[in-house]
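These notes concern the structure reproduced below.
As a basis for the values below, the full set of heavy atoms in this structure was taken, side chains included, without hydrogen atoms, waters or symmetry mates.
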Amino acid sequence: MGFLSSLLGIFGFGIGSLIGILFGFYFFIYSENKDVEDPITRPLSELETISLEDLMPEIPFWIKCPDYDRVDWLNKFILYMWPFIDKASHSIIRSTAEPIFAEYIGKFKIESIEFENLSLGNLPPIIHGLKVFETNERELVMEPAFKWAGNPNIIVTLTISSVQVTVQLVDLQVFATPRITLKPLVPTIPCFANIVVSLLEKPHIDFGIKVLGGDIMSIPGLYQYVQDTIKKEVSNLYLWPKSLEIPVLDASTVSIKKPVGILRVKVVRATKLLKMDLLGLSDPYVKLRLGGEKLSSKKTTIKKKTLNPEWNEEFKLSVKDPLSQVLHIDVFDWDKVGAHDRLGTQFVPLKLLTPNETKELVLDLLKNTSINDPQSKRQRGQITLELTYAPFRDDLESFNGCLDGIARNDSLLNRASSSVSPKGAGLLLITVQGAQDVEGSRHNNPYVLVIFRGERKKSKMIRRTRNPMWNEEFQFILEEPPSQDKIQIKVMSKRTVIGFNSKESLGHVDIDLGDVVHNGRINQKYHLIDSKNGVIHVEARWKTI
């Protein structure tokens, strides 16, 4: 009997427990707790001001600011690349930090400072919006708004008097909106030479530091002091207009050299030239060109039937690098039929000249510039030249004696001084960058005509486009500033096959050069006259010798 009652008790306990669990599970799942309610969702437009102010810091930039773009694709790209970025950044961080550590070794009884662990964690930064600016300069300007609440594990071990002390950086948070500029844009991969980073406002930086396992940032007053010190130091280094410039390409491989002066060449005479005609005479003329230039050569007039011509003709050539450029002189015999015979050649390195000093040279003409050619020693006559190299005024202070002391200075002071209206001869540089929305009624193969004082210069033609990019420079060497002149730039289109109405005007613009002379440089976009929506981008410079 006792055994039966015990068995029934155990069975009843099991049945009761099972029923109790079932009832408890039912009430836990299906009963409503009065303290827990479903959240009420409301659109932002219905929220009161106080609620909106609480939410504003968390709203992405692409919602708050219409000019910021949503870049989910970029965040996904960073997420996939982050493990590799983490490993690649180790060498950069070490190479940057180790020289700083070396400065403290030997001070405060510090014997060594080494990284014990270096990891940026597995949480990448998130870009909440990206704004891209369009400028007239050769640059790309971006402002990404990013937040990084990461979980890095960076441990540094310090050995102080043979005692090892570990310092750990944890819970790093960085919120910032930097301005990133890629400039200048160049035709070499990756198509920009430098990355310039600056901060438009003080960033938010938060982190924890553990020393021997204890968080020292919890010490009263220390946290706020460290935060203020970091923000101050970062602002002193990178807050606009200060910036961090990171070179990407070697400047020597991508630099676009601009003219720095004018070379005046006076071709005086030649004597005892070779006899090329049947009557024992020649019809000589001279061609001048500077090495490294794509501009056409300068030519003298042709002197008929003489071996001792007198020219006394002066030419001007723009100089971009007086240390390396060479003046090439070629004397030819003009013929009505066939190629012109070369009577002789010679060259003059510009580094032999002293700025603003005229140098007269009497040069022996050679067959070619090869010293190993025995025929080059044959007497071919002589040519007399007068050379004067005149650097532009803003580069004049960089010369000391001969050209070996050249240096370029682009300081604010020099740019400010160039705003004074200069007098004297100089060089007018017109760079046509490109155009937008130029449309012809019959064809769209645009090119540019630059017309100044009756001289016409033409750009290359770009086929089948309404948004051509020429990026071509045109030079005009003048004896006086063009303060009262205008330059006309026409956008034309030409049919690529023979037919009627082969050329068509797509618009033009007249630019007053008085502003260029006064300011030294303008860089603007102009609406084309006689064009519905056409715009052309032109940069003009005036440099005085």
Side-chain angles (χ1 to χ4, degrees), residues 57-65 67-100 114-134 138-156 168-209 230 234 237-238 240 243-250 253-254:
E58 304 302 326
I59 296 178
F61 267 73
W62 57 270
I63 295 179
K64 292 187 290 185
C65 305
D67 51 351
Y68 275 82
D69 296 323
R70 185 174 180 177
V71 285
D72 291 341
W73 64 270
L74 183 57
N75 289 320
K76 184 175 293 187
F77 173 80
I78 296 175
L79 176 64
Y80 290 150
M81 292 294 295
W82 187 247
F84 305 96
I85 296 175
D86 179 23
K87 293 182 179 179
S89 63
H90 292 176
S91 59
I92 299 176
I93 296 174
R94 290 181 185 273
S95 60
T96 304
E98 285 176 356
I100 301 175
E114 298 178 352
F115 282 103
E116 181 179 327
N117 193 10
L118 182 57
S119 173
L120 299 181
N122 56 5
L123 298 177
I126 297 176
I127 299 177
H128 288 260
L130 177 66
K131 179 163 60 174
V132 180
F133 294 90
E134 179 182 0
R138 296 180 180 179
E139 61 183 17
L140 176 62
V141 182
M142 301 177 292
E143 287 185 7
F146 77 92
K147 295 183 178 181
W148 184 26
N151 56 346
N153 184 19
I154 302 176
I155 302 176
V156 178
Q168 184 179 12
L169 175 68
V170 294
D171 300 332
L172 178 63
Q173 295 183 4
V174 180
F175 303 158
T177 307
R179 172 171 290 176
I180 302 175
T181 305
L182 310 179
K183 69 175 185 180
L185 301 180
V186 295
T188 304
I189 299 296
C191 298
F192 56 89
N194 299 288
I195 301 175
V196 181
V197 182
S198 60
L199 297 174
L200 302 182
E201 57 185 15
K202 294 182 179 180
H204 170 76
I205 302 175
D206 191 8
F207 57 89
I209 298 179
I230 291 176
V234 172
L237 291 174
Y238 308 122
W240 192 90
S243 62
L244 170 65
E245 185 168 339
I246 305 171
V248 177
L249 296 176
D250 186 3
T253 61
V254 299

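The closest donor-acceptor contact from the side chain of W82 to the backbone of G121 lies under 3.5 Å.
A distance of 4.0 Å separates CD1 in I78 from CD1 in I127, rounded to the nearest 0.5 Å. In this structure, the separation between CD on E143 and NZ on K131 is 5.0 Å, given to the nearest 0.5 Å. Rounding to the nearest 0.5 Å gives a distance of 10.5 Å between CG of L140 and CD of E134. To the nearest 0.5 Å, atom CZ of residue F175 and atom CD1 of residue I126 are 10.0 Å apart. Separation of atoms CZ (R179) and CG (L200) is listed at 5.0 Å; rounding is to 0.5 Å. Residue L79 holds its CG atom at 11.5 Å from CG of L74, rounded to the nearest 0.5 Å.
The closest side-chain heavy-atom distance from K183 to V141 is not below 4.5 Å. Residues Y68 and H128 fail the side-chain proximity criterion, which asks for heavy atoms closer than 4.5 Å. Inter-residue side-chain proximity for P144 and L130 is flagged as met; some heavy-atom pair is nearer than 4.5 Å. Counting heavy atoms from C-beta on, the side chains of N151 and N122 come closer than 4.5 Å.
Between I93 and F115, the shortest heavy-atom contact is CG2-CZ, 4.2 Å. In terms of heavy-atom proximity, P125 sits nearest to F146 at CB-CD1, 4.2 Å. In terms of heavy-atom proximity, P178 sits nearest to L199 at CB-CD2, 3.9 Å. Across all their heavy atoms, L249 and T188 have their closest contact at CD1-O, 3.8 Å. Pairing each heavy atom of N194 with each of P184, the nearest pair is ND2-CD, 3.9 Å. Closest of all the heavy-atom pairs between I154 and S119 is CG1-O, 3.8 Å.
Around CZ of F77, the count of heavy atoms belonging to other residues, nucleotides or ligands within 6.0 Å does not exceed 12.
Residues passing the side chain to side chain donor-acceptor pair (under 3.5 Å) test with H90, sequence neighbours excluded: D86. Residues satisfying the side chain to side chain donor-acceptor pair (under 3.5 Å) test with E116, not counting sequence neighbours, are T157.
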